[in-house]
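Position 1 is the first residue of the sequence, and the numbers go up from there. For the numbers below, each heavy atom of this structure counts, side chains included, while hydrogens, waters and symmetry mates do not.
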Amino acid sequence: MRINPVISLLRNVFAWVLSLLMFIPLLLIVINSLKTQLEANTMSMNLPKSLAWSNYAVVIEQGKLIQSFFNSLLYASVSTVLGIALASIAAYLFSRNRTRMNRILYLFVIMGIAMPVNFVTLTKVMQMTHLINTQLGIIILLAVGSIPFSVFLIYGFVASVPKELDEAGIVDGCPPFKLFYAIVLPLLVPVIVTVAILNFMGAWNDFVLPLYYLNSSTKWPMTLAVYNFYGRFQVNWNLVSADIVLTTLPVIVIYLIGQKYIISGMTSGSVKG
């Protein structure tokens, strides 16, 4: 069915207008991050008279962003790798052995996408395991929280890998784990990259888990550093804006780099599942 050119043009215009509207808040923050305190009080879209790059230096020094940046990088990267390692194995087993029990387990795992977290029970578990206020505890929580959605995407993508490859590997005497990591996993690169980017961005932006389970400011990620900085400098909107820009910049860069994989991986994973 051929689409009317006028309708196609209207759709494109609508998409561009919607994209620009979504871009306005980010543009507002960037502009005000380069203003003086007096200019930024109104939080308007007016361009600054002179670019106050010193705002970023003040934020990095007083907001302790260097330490919180490496904390966020540690939490996001390690939890992403751990979550993908567990989710990819689970998705592979669920997809290749579609027994009744595995189907039930798969549905049980992906229920975690929609089920809310019981923070009272989770707090008790964290206290019993002595993981509260530890970096390891946050990494485990972020990794476990990413598993349901990761399994959902990878599960559908595994179906596109021919089973004949598994059979050929078994005939050649390939052990089960080596069969997965050496033969199957390289073919899952598009969806693995997609899951990695989404999980990384989710872990980087997470605010609730560090707020509940990290009491030491030396272990805070950038989200908590921004929250604390806002509490101290809430009248200085130029500094708050600069802090937000520095916090969101890594996520934007990662998304722009991997957006091609995100679109292809999510499409393949959701359709084939």
Side-chain angles (χ1 to χ4, degrees), residues 15-81 135 138-139 142 193-194 196-212 214-263:
W16 276 102
V17 171
L18 187 61
S19 300
L20 291 175
L21 289 176
M22 298 295 290
F23 185 72
I24 287 176
L26 179 60
L27 183 61
L28 177 67
I29 294 297
V30 172
I31 291 176
N32 284 275
S33 69
L34 297 172
K35 293 181 179 180
T36 62
Q37 179 182 352
L38 183 61
E39 290 177 330
N41 283 339
T42 57
M43 286 296 289
S44 65
M45 293 291 291
N46 297 330
L47 296 178
K49 297 178 180 178
S50 61
L51 300 179
W53 294 104
S54 59
N55 292 338
Y56 289 93
V58 173
V59 167
I60 292 174
E61 180 182 354
Q62 299 189 24
K64 299 180 180 180
L65 285 192
I66 295 179
Q67 185 178 42
S68 61
F69 170 82
F70 284 106
N71 287 338
S72 290
L73 186 63
L74 173 67
Y75 302 149
S77 57
V78 177
S79 65
T80 297
V81 173
Q135 293 180 322
I138 293 298
I139 290 172
L142 292 173
V193 174
T194 300
I197 294 173
L198 294 176
N199 289 352
F200 186 92
M201 292 193 300
W204 186 278
N205 292 325
D206 191 270
F207 174 78
V208 176
L209 292 178
L211 178 65
Y212 284 175
L214 285 180
N215 301 323
S216 176
S217 60
T218 59
K219 301 173 184 177
W220 283 355
M222 293 193 76
T223 49
L224 280 187
V226 171
Y227 178 73
N228 180 65
F229 189 86
Y230 174 76
R232 294 168 53 196
F233 297 93
Q234 56 182 328
V235 295
N236 298 341
W237 285 105
N238 57 329
L239 299 181
V240 173
S241 299
D243 197 17
I244 295 174
V245 170
L246 291 175
T247 304
T248 57
L249 188 60
V251 178
I252 294 175
V253 172
I254 290 175
Y255 176 79
L256 292 176
I257 293 175
Q259 61 179 334
K260 178 181 67 175
Y261 291 100
I262 291 178
I263 296 173

Interatomic spacing from [atom1] in [X] to [atom2] in [Y] - rounded to 0.5 Å:
X: Leu211; Y: Trp220; atom1: CG; atom2: CH2; result: 8.5 Å
X: Met222; Y: Leu249; atom1: CE; atom2: CG; result: 9.0 Å
X: Ile29; Y: Ile24; atom1: CD1; atom2: CD1; result: 13.0 Å
X: Lys49; Y: Leu34; atom1: NZ; atom2: CG; result: 15.5 Å
X: Leu47; Y: Asn32; atom1: CG; atom2: CG; result: 10.5 Å
X: Glu39; Y: Asn46; atom1: CD; atom2: CG; result: 9.0 Å

Subject >> Partners meeting side chain to side chain contact (heavy atoms under 4.5 Å, CB included) with Thr223 (sequence neighbours left out) >> reply: Phe207, Pro221
Which atom pair, heavy atoms only, marks the closest approach of [X] to [Y]?
X: Asn55; Y: Ser33; answer: ND2-O, 2.8 Å
X: Ile252; Y: Leu26; answer: CD1-CD2, 3.9 Å
X: Leu27; Y: Met45; answer: CD2-CE, 3.6 Å
X: Ile31; Y: Pro48; answer: CG2-CD, 4.0 Å
X: Lys35; Y: Ser44; answer: NZ-O, 3.2 Å
X: Pro250; Y: Leu246; answer: CD-O, 3.3 Å

Original post:
Mind checking what makes ring pair (Phe, Tyr, Trp, His ring centres under 6.0 Å) contact with Tyr56, not counting sequence neighbours?
Top reply: none
Subject >> N/O donor-acceptor pair under 3.5 Å between Asp206 side chain and Leu142 backbone >> reply: no
Original post:
Should we count CG of Leu28 as having more than 12 external heavy atoms under 6.0 Å?
Top reply: yes
So do [Y] and [X] actually touch side chain to side chain, heavy atoms under 4.5 Å?
X: Leu73; Y: Phe200; answer: yes
X: Leu239; Y: Asp243; answer: no
X: Ser241; Y: Met43; answer: yes
X: Leu74; Y: Ile139; answer: yes

Original post:
Should Tyr75 and Leu214 be marked as a side chain to side chain contact (heavy atoms under 4.5 Å, CB included) after you check the CA-CA gap, both sets of side-chain angles, and the distance that decides it?
Top reply: CA-CA 12 Å; Tyr75 302 149; Leu214 285 180; 3.8 Å; yes
Original post:
Can you tell me if Gln37 and Asn238 form a side-chain donor-acceptor pair at under 3.5 Å?
Top reply: no
Original post:
What's the verdict on ring-ring contact (aromatic ring centres under 6.0 Å, His included) for Trp204 and Phe69, showing C-alpha distance, side-chain angles and the deciding distance?
Top reply: CA-CA 10 Å; Trp204 186 278; Phe69 170 82; 5.7 Å; yes
Subject >> side-chain hydrogen bond (donor to acceptor under 3.5 Å, both in side chains) partners of Asn41, counting only residues at least two apart >> reply: none
